[in-house]
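Since we're looking at a predicted model, the values are computed, not measured. Reckoned from all heavy atoms, side chains included, excluding hydrogens, waters and symmetry mates.
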Amino acid sequence: MTTTSPAATRPGGLRVGVQRFGTFLSGMIMPNIAAFIAWGFITMLFIPDGFFGARSPFGWHWAGVAEIIGGGGDSAVIGWQGAMTAVAEGDGGNILAYVGLVGPMVTYLLPLLIANTAGRLVYGERGGVVATIATVGVIVGTNIPMFLGAMIMGPIAAWLTKQMDRLWDGKIRPGFEMLVNNFSAGILGMILAIVGFFAFGPVILGVSTALGAAVDWLVTLNLLPLVSIIVEPAKVLFLNNAINHGVFTPLGIEQATETGKSILFLIEANPGPGIGLLLAFSFFGVGAAKASAPGAAIIQFFGGIHEIYFPYALSKPATILALIAGGATGVTTNMVLGGGLAFPAAPGSIIAVTAAAIGPGVANLLVVYLSVILAATVTFLLTAVILRSSRKRDLEAESDSFGAAIAQTEANKGKSSAAMDALRSSTGTAAAPTETATTVVDRPISTIVFACDAGMGSSAMGASVLRNKIKKAGIEGVTVTNAAIANLDGTADVVVTQQQLTDRATAKSPNSVHVSVDNFMNSPKYDEVVEMVKEQRKDEE
């Protein structure tokens, strides 16, 4: 088992720094995805062009309810109660005059949730409260959904709160702590809200307008597919959540409020390139990659966990070119034919994509499906060519590298195991000496944490796999959970991460034993962890 001992210094480097910043961006959005989906469904069902809207062929007998929920009209009657009063008074025309849910949710609820989450990331609950207060000023001072403003003002407000508290830390007389804390946070929140209203909001409005114009410029000149040159390589470096939820989601929401859908939701979330890559490995790959690719394809396409195909691309870097071509093909299809999603597809499953694509109409759904199919086809064909051209070398290298991996695993453990024997028999590799072990766990293992960028997709899957293995082994007293790397608190006995993320996990939890895996789905190292825990239990007995 490849483990890493606690590092004495904090890992650095450009890659880790970019990943850390990207994780912070996506960390503001990811915990609130359920709210985005709720807003998307309300929009899809109840706006005038929605399933139950007044202009829908299916919604004629639901029109009144749909208008009350969905929002619209231009008079002063507000909300459900106002609309019902209008109906009771016989003023059916005024049933259109209500605010509804769609507008307030996208204008207030979603940005404030983002601001609160961002504040909590910087300075806990106190930072979240002040960030929310400050962001209200930004929202009211503009006339568009202020997602970008929330993602900037939220962290700034929380950071200022943190610095303010440091000024009188330890200097407050006993008994006055609550008074000082509440009034200082309230006063700072008031000041920031006013600044946001008069100064910060208009600036962010200008930035948002400029970014929107840049996207429109790319679309007008048919250059939007070139974005895939940046997006696809960045994804396999585990910046997928940062790109999708930190950049495309805020811009896409603003676009969707105006046109009912946005192509930006599909630039990163399109499952086509990933399924194309995995299908190519299923047919033309070698060894363990070929054997595991079909299962990974099912999880990626239907489960929406795109991280599962990243190790395959990293094992054969030339296939990133195939991903770029597939991604650009999907973007081109949607750009030319007008495809888009009504709300973010999270996770990027074909099921979530279908739910978000069907709202704007069946024609839109067919265009989105076509973009997925074409993206998958292009990626599959190019990946197949790349794998076939190097198949002979890969077969030779697979035998050597896989045998070396088995030998290294046994050397780390200090003895052989049934799992390693099974792997060895499949490759015909001779047993390796096991005189010494390079890693010793000097404390009882009771908590194992799977950590990934967002702490939701691939880590949840890996935790489930290992949890089942531990249960089948009859081991009790071991908790297996999943978390975002940013939320590691140093209490885990063992932390399991994908190899590209181990440096960041080590920095967050330096006293844990770190296990690096290539694939969260079926890594042989899971059996090694189980064996290690079993050996500990035997020693304790």
Exercise for review: Output, in order, the C-alpha distance, side-chain angles, deciding distance and verdict of salt bridge (charged side-chain N to carboxylate O under 4.0 Å, His left out) for D165 and R126.
Suggested key: CA-CA 10 Å; D165 286 352; R126 187 168 168 81; 2.7 Å; yes
Practice item. Evaluate the side chain to side chain contact (heavy atoms under 4.5 Å, CB included) criterion for residues F283 and L387: first the C-alpha distance (whole Å), next the side-chain angles of each, then the deciding distance (0.1 Å), finally the verdict. Key: CA-CA 10 Å; F283 288 102; L387 294 178; over 6 Å; no
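In this structure a side-chain-to-backbone donor-acceptor pair under 3.5 Å is missing from N116 to L112. Judged by distance alone, with hydrogens and angles left aside, the side-chain atoms of N364 form a donor-acceptor pair with the main-chain N or O of A357 at under 3.5 Å. At distances below 3.5 Å, not a single donor-acceptor pair connects side-chain atoms of S509 with backbone N or O atoms of A505. Between the side chain of K469 and the backbone N or O of V530 there is no donor-acceptor pair closer than 3.5 Å. Of the possible polar contacts, one joining the H306 side chain to the G348 backbone as a donor-acceptor pair under 3.5 Å is found. Side chain of S315 to backbone of Y312: a donor-acceptor contact under 3.5 angstrom is found. K261 contributes no side-chain N or O that, together with a main-chain N or O of G339, makes up a donor-acceptor pair within less than 3.5 Å. When atom types are taken as modelled, the side chain of R120 and the backbone of G128 share no donor-acceptor pair closer than 3.5 angstrom.
In this structure the side chain of M461 reaches within 4.5 angstrom of the side chain of I308, judged on heavy atoms. Put simply, the side chain of K316 reaches to within 4.5 Å of the side chain of S390, judged on heavy atoms. You'll find the side chain of V367 stays beyond 4.5 Å of the side chain of L370, heavy atoms only. Side-chain contact between I253 and F265 is present, with at least one heavy-atom pair separated by less than 4.5 Å. The closest side-chain heavy-atom distance from I324 to P233 is below 4.5 Å. Between T117 and N32, the closest side-chain pair of non-hydrogen atoms falls below 4.5 Å. When side chains are defined from C-beta on, I29 does not count as touching F147, because their heavy atoms never get closer than 4.5 Å. Contact check for V449 versus V494: no side-chain heavy atoms found under the 4.5 Å cut-off.
Counting all heavy atoms, side chain and backbone alike, A318 lies closest to I386 at O-CD1, 3.3 Å. When all heavy atoms are compared, the tightest approach of I263 to V331 is CD1-O, 3.8 Å. Closest non-hydrogen pair, V495 versus A451, comes out as CG1-CB, 4.3 Å. Closest approach of A269 to V353, counting heavy atoms only: O-CG2, 4.4 Å. Looking at every heavy atom in both residues, L323 comes nearest to A313 through CD1-CB, 3.9 Å. Residues P111 and A150 come closest through the heavy atom pair O-CB, 3.3 Å.
Using a 3.5 Å distance cut-off with no hydrogens or angles, the side chains of D493 and S512 do not pair a donor with an acceptor. Between the side chains of T447 and T479, not a single donor N or O lies within less than 3.5 Å of an accepting N or O. In summary, the side chains of T319 and T383 do not present any donor paired with an acceptor at a separation below 3.5 Å, with no hydrogens or angles considered.
Distance check, rounded to the nearest 0.5 Å: CG of L110 to CZ of F36 gives 5.0 Å. Atoms CD and CG, on Q255 and L341 in that order, are 11.0 Å from each other to the nearest 0.5 Å. Within the model, atoms OH of Y108 and CE of M146 stand 12.5 Å from one another, a figure rounded to the nearest 0.5 Å. In this structure, CG in L501 is found 12.0 Å from NE2 in H514, a value given to the nearest 0.5 Å.
The 12-atom threshold is exceeded at CD of Q163, counting heavy atoms of other residues, nucleotides or ligands nearer than 6.0 Å.
In this structure, F343 and F41 have tilted ring planes: the angle between them lies in the 30° to 60° band. A tilted orientation is assigned to the rings of F284 and F380, their planes being inclined by 30° to 60°.
Among the candidates N334, T329, T333, T332, the single residue satisfying the side-chain hydrogen bond (donor to acceptor under 3.5 Å, both in side chains) test with S371 is N334.
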